[in-house]
Amino acid sequence: MSALRDALQELPESVFADLLESDDAYQIVLDLPGVTAETAELRVDRGRLVVEARREKDVPAEFHYVSEERPLFVDVELPLPPDATGAGASAEVDRGVFTVRVPKRSAAPEQTIPITSAGDDA
């Protein structure tokens, strides 16, 4: 999980994130001001959470940019822990705050392995 933690620390200055963990899932909270459900795409691809988003900017006609520091597009790829799976992942957004839940793979149940002796026909 250290790769994900390191990636969260290296996000663009315009993106803030928290990482939470429970027994069965990871939760990533991303602050993406100006981004809506309609202007964002989230997906899990090859062990990474991929975020592609576009911010809505409303500039009144009587104003013009002197300085424009907020990027219009946000593209982020976060490496997920090895036990994370995209199957069943979900996301919610509330005023530009995205809460992404990525389930953990279930541990394989314990199983007894049958042992036969050499020469046994059964």
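Note that the numbering runs from 1 along the sequence shown for the chain. Every value quoted in this text rests on a predicted model; they were computed, and no experiment measured them.
- At a threshold of 4.5 Å between side-chain heavy atoms, the hydrophobic network of Ile, Leu, Val, Met, Phe, Trp and Tyr places Val97 and Leu20 in one connected group.
- For the side-chain hydrogen bond (donor to acceptor under 3.5 Å, both in side chains) test, residues two or more places apart in sequence or in another chain that qualify with Glu41 are Arg43.
- The minimum heavy-atom distance linking Ala89 with Val102 is given by the pair CB-CA, 4.4 Å.
- Sorted by first then second residue, the salt bridge (charged side-chain N to carboxylate O under 4.0 Å, His left out) pairs that include residues 83-101, not counting sequence neighbours, are Asp24-Arg101.
- Side chain of Arg55 to backbone of Val74: no donor-acceptor contact under 3.5 angstrom is found.
- The other residues sharing a hydrophobic cluster with Phe63 are Val59, Tyr65, where clustering joins ILVMFWY side chains under 4.5 Å apart.
- Note that OG1 of Thr85 is 13.0 Å distant from NZ of Lys104, once rounded to the nearest 0.5 Å.
- Here CG of Leu78 is found 7.5 Å from CZ of Arg48. Values are rounded to the nearest 0.5 Å.
- The structure places CG of Leu32 at 13.5 Å from CZ of Arg54, a figure rounded to the nearest 0.5 Å.
- Using modelled atom types, one side-chain atom of Arg105 and one backbone atom of Ala84 make a donor-acceptor pair closer than 3.5 Å.
- The distance from atom CD1 of Ile28 to atom CG of Leu42, rounded to the nearest 0.5 Å, is 9.5 Å.
- In this structure Val93 satisfies the side chain to side chain contact (heavy atoms under 4.5 Å, CB included) test together with Ala37, Phe98, sequence neighbours excluded.
- For Ser90, there are no side-chain hydrogen bond (donor to acceptor under 3.5 Å, both in side chains) partners at least two apart in sequence or on another chain.
- The heavy-atom pair separating Ala40 from Val35 by the smallest distance is CB-CG1, 3.6 Å.
- When all heavy atoms of Pro103 and Ala87 are compared, the closest pair comes out as CG-O, 3.4 Å.
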